[in-house]
Amino acid sequence: MIAYLEHFVHGNDTESMPNDDVSALDGAFHFGATAAAGKDFGGMKSVKPRAVIRPALAGDVERAVKEAARTTYLTVAARGNGHSINGQAMAEKGLVLDMRAMEDHFTLLSLDDGSLYVDVSGGALWEDVLKRCVSEFRLAPRSWTDYLGLTVGGTLSNAGVSGQAFRYGPQTANVTELEVVSGKGETLVCSESQNSELFFATLGGLGQFGIITRARVPVQQAPDMVRWIRVVYTEFGDFTRDAEWLVTLREGDGFDYVEGFVFVNSDDPCNGWITVPVGPNQYFDPVRIPSTAGPVLYCLELALHYRNQDHPSAVDMEVDRLLGRLRFVEGLKFSVDVTYMEFLLRVKRVEEDAKANGIWDAPHPWLNMFVSKSNIAEFDREVFKKILKHGVGGPILVYPLLRSKWDSRHSVVVPDSNIFYIIALLRFIPPPPKGPPTELLVEQNHEIIQLCYNRGFDFKLYLPHYQSKENWMRHYGDKWSRFVERKANFDPLAILAPGQKIFSRIP
Ligand code: FAD
């Protein structure tokens, strides 16, 4: 083991290494290969860590942080599944903790009041949490991401948003207790009532305050089936009015999932009509599109949960009642019935196809942001209809969220308005020379962000990434001093999550 570590300490970086002794890192640690930890899904950054550690228990995480603190320079990055875009889970010449290696922790808890929870490892994939909850207990968490190949600790460090967030809030609002190793190397259990400041700081905290080793997630009865529906709009105003109405309906009174996306009004195979149908043998008939339609069209994606014993006609009636109030284009409605698991794992198929086509491992210059309802029509006019009128080679998500479902005590920041939209440009472009240079697409992202600043939009980047402290200060606005205070309290040497590039390691 010593020899292995020596490879990093003395073999590769002899020139640049400070003289501190890191041999104490050796011992019961399990080390992993560094190549994967130097890359991420974004595929645009690559940095070499000093070592990759595979912790089994919170105690291993604690020891790694303590050992880093003994040096004047070592940083520690928890790596979930490395699905960040801009190197956020990397640690240049630091220690990367491969959180997927954490011991599988999965316990069902039932409280006196009848509420149910699962305790899961911070390094667990949501996909595995889903499978175990449903197959072992017919239960499920309430709030998801679209894609489940992400870790519990990774999404809770950001927010975790999907079509259920309008009702239950993001995943950060659906956790009642965390076990966290702080930047001081202390393992603490925290909740709203115990070590509450660490709890609030960690949720949406970009990994800055502690490493999540366990999370307690409320669960409820899982439905058996889902009616998965897509309806098409030509007018953005109709689309947003309907979407906003749907997200204000009470539970049991509306759909269980509401999302939306923009697509190109053409037969383009990656960006056009063909991306809309959900079931096999469904055909998008462009003759249905009114001649007044613009360069892009909009699609509401909806889902209604039901149980096997529900009568099909009752499901039909409920869907018809809700769809009857919507102003989508007649004839452009697609629907399919799938199991709840098939629905939640729907993006897995996209992953498999993208891997087969070589675009899963290509660079992904994605952009995610939250834009206030008050600016969304202008965003549509300037960005969807102009800058992105030819699409992004993948989904352009746009759907409303309710600010009341977000807890302002958490570290994540969102626009001020009661309704804001998540916008996600999920670019899947073949690598150059087949596709455009990645820099051009990054440039297009900057153009969009700059437009939002220039027009004074009330917006925030989601999964943010900035080059300068000034930009981070602007991002957090009046929450910046709270963020800095929390850092001083929980990670005073700025050891954690250096890849976010918010703070520099204090010697
Ligand atoms: P990583 O990328 O490995 O880590 C992200 C950050 O969290 C890093 O700073 C890391 O140091 C820190 N971190 C990781 N684990 C821990 C831990 N245990 N404790 C503390 N800090 C930790 N997001 C959504 O909200 N909704 C979606 O529908 C959605 N879909 C996605 C689909 C795809 C294909 C991809 C690539 C991303 C998607 N995301 C989505 C974004 C995703 O939430 C983020 O990438 C997030 O970072 C989770 O990825 P990860 O678990 O791989 O974490």
Side-chain angles (χ1 to χ4, degrees), residues 36-37 39-43 45 49 55 58 61 65 75-91 94-102 120-127 143-165 169-172 178-183 198 201-215 257 259 344 346-348 350-351 354-355 359-361 364 366-368 370 394-395 397 399 401 411-412 422 424 426-428 462-465 490-491 495-502:
K39 296 186 192 147
D40 64 15
F41 183 81
K45 290 247 154 51
V61 175
V65 175
T75 54
V76 178
R79 184 178 200 268
N81 208 20
H83 277 46
S84 291
I85 299 299
N86 290 290
Q88 286 95 331
M90 295 180 191
L95 307 178
V96 169
L97 301 183
D98 175 4
M99 299 303 287
R100 296 279 310 279
M102 291 277 299
V120 292
S121 156
L125 288 185
W126 283 108
E127 179 180 333
S143 184
W144 294 99
T145 46
D146 294 341
Y147 169 70
L148 305 190
L150 309 168
T151 64
V152 169
T155 68
L156 292 181
S157 298
N158 286 292
V161 184
S162 184
Q164 305 84 10
Q171 290 182 310
T172 38
L178 297 172
E179 179 187 75
V180 171
V181 177
S182 75
L198 179 61
T202 303
L203 292 169
L206 305 179
Q208 293 303 303
F209 311 108
I211 296 176
I212 300 166
T213 48
R214 177 180 62 77
Y257 163 104
E259 284 204 7
L344 286 187
R346 64 201 179 280
V347 183
K348 186 103 187 150
V350 178
E351 176 180 357
K355 278 185 172 158
I359 51 170
W360 189 260
D361 296 319
H364 296 102
W366 286 10
L367 177 65
N368 287 271
F370 299 127
L397 305 185
Y399 58 92
L401 298 165
S411 291
V412 63
I422 183 167
L426 310 180
R427 303 173 185 275
F428 278 100
Y462 176 46
L463 312 167
H465 156 68
F490 302 120
D491 182 22
I495 287 170
L496 301 180
Q500 298 281 2
K501 304 220 176 302
I502 309 174

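First listed ligand is number 1; within each ligand, the first listed atom is number 1. Residue numbers count from 1 along this sequence. As a basis for the values below, the full set of heavy atoms in this structure was taken, side chains included, without hydrogen atoms, waters or symmetry mates.
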Could you walk me through whether Asp146 and Arg346 pass the side chain to side chain contact (heavy atoms under 4.5 Å, CB included) check? CA-CA 8 Å; Asp146 294 341; Arg346 64 201 179 280; 3.5 Å; yes
Listed by chain and number, what are the ring-ring contact (aromatic ring centres under 6.0 Å, His included) partners of Tyr462, not counting sequence neighbours?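 With neighbours one apart ignored, the set is Phe370.
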Just to verify, what does Phe209 make a ring-ring contact (aromatic ring centres under 6.0 Å, His included) with, not counting sequence neighbours?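 Phe209 satisfies ring-ring contact (aromatic ring centres under 6.0 Å, His included) with Phe483 once adjacent residues are dropped.
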For ligand 1, find each of its N or O atoms that sits under 3.5 Å from a protein N or O atom, and tabulate the pairs with distances to one decimal place.
from	atom 1	to	atom 2	distance (Å)
ligand 1	2 (O)	His83	N	3.2
ligand 1	2 (O)	Ser84	N	3.0
ligand 1	2 (O)	Ser84	OG	2.5
ligand 1	3 (O)	Gly80	N	2.7
ligand 1	3 (O)	Asn81	N	3.4
ligand 1	3 (O)	Gly82	N	3.0
ligand 1	9 (O)	Gln88	O	3.0
ligand 1	9 (O)	Gln500	NE2	2.9
ligand 1	11 (O)	Ala78	O	2.6
ligand 1	18 (N)	Ile212	O	3.0
ligand 1	19 (N)	Ile212	N	2.8
ligand 1	21 (N)	Ser157	OG	3.1
ligand 1	25 (O)	Val161	N	2.8
ligand 1	25 (O)	Tyr462	OH	2.6
ligand 1	26 (N)	Val161	O	2.8
ligand 1	28 (O)	Asp146	N	2.7
ligand 1	28 (O)	Val161	O	3.4
ligand 1	45 (O)	His83	O	2.9
ligand 1	47 (O)	Asn158	ND2	3.2
ligand 1	51 (O)	Asn81	N	3.4
ligand 1	51 (O)	Thr151	N	2.8
ligand 1	51 (O)	Thr151	OG1	2.7
ligand 1	52 (O)	Asn81	N	2.8
ligand 1	52 (O)	Gly82	N	3.0
ligand 1	52 (O)	His83	N	2.8

Are any non-hydrogen side-chain atoms of Arg100 and Asn81 less than 4.5 angstrom apart?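 Of all side-chain heavy-atom pairs linking Asn81 with Arg100, at least one is under 4.5 Å.
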Mind checking the NZ-CE spacing from Lys501 to Met90? Nearest 0.5 Å is all I need.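 The NZ atom of Lys501 sits 9.5 Å away from the CE atom of Met90.
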Pairs satisfying salt bridge (Lys or Arg N to Asp or Glu O under 4.0 Å), at least one member in residues 203-214, at least two apart: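 Listed by first then second residue: Asp119-Arg214, Glu177-Arg214.
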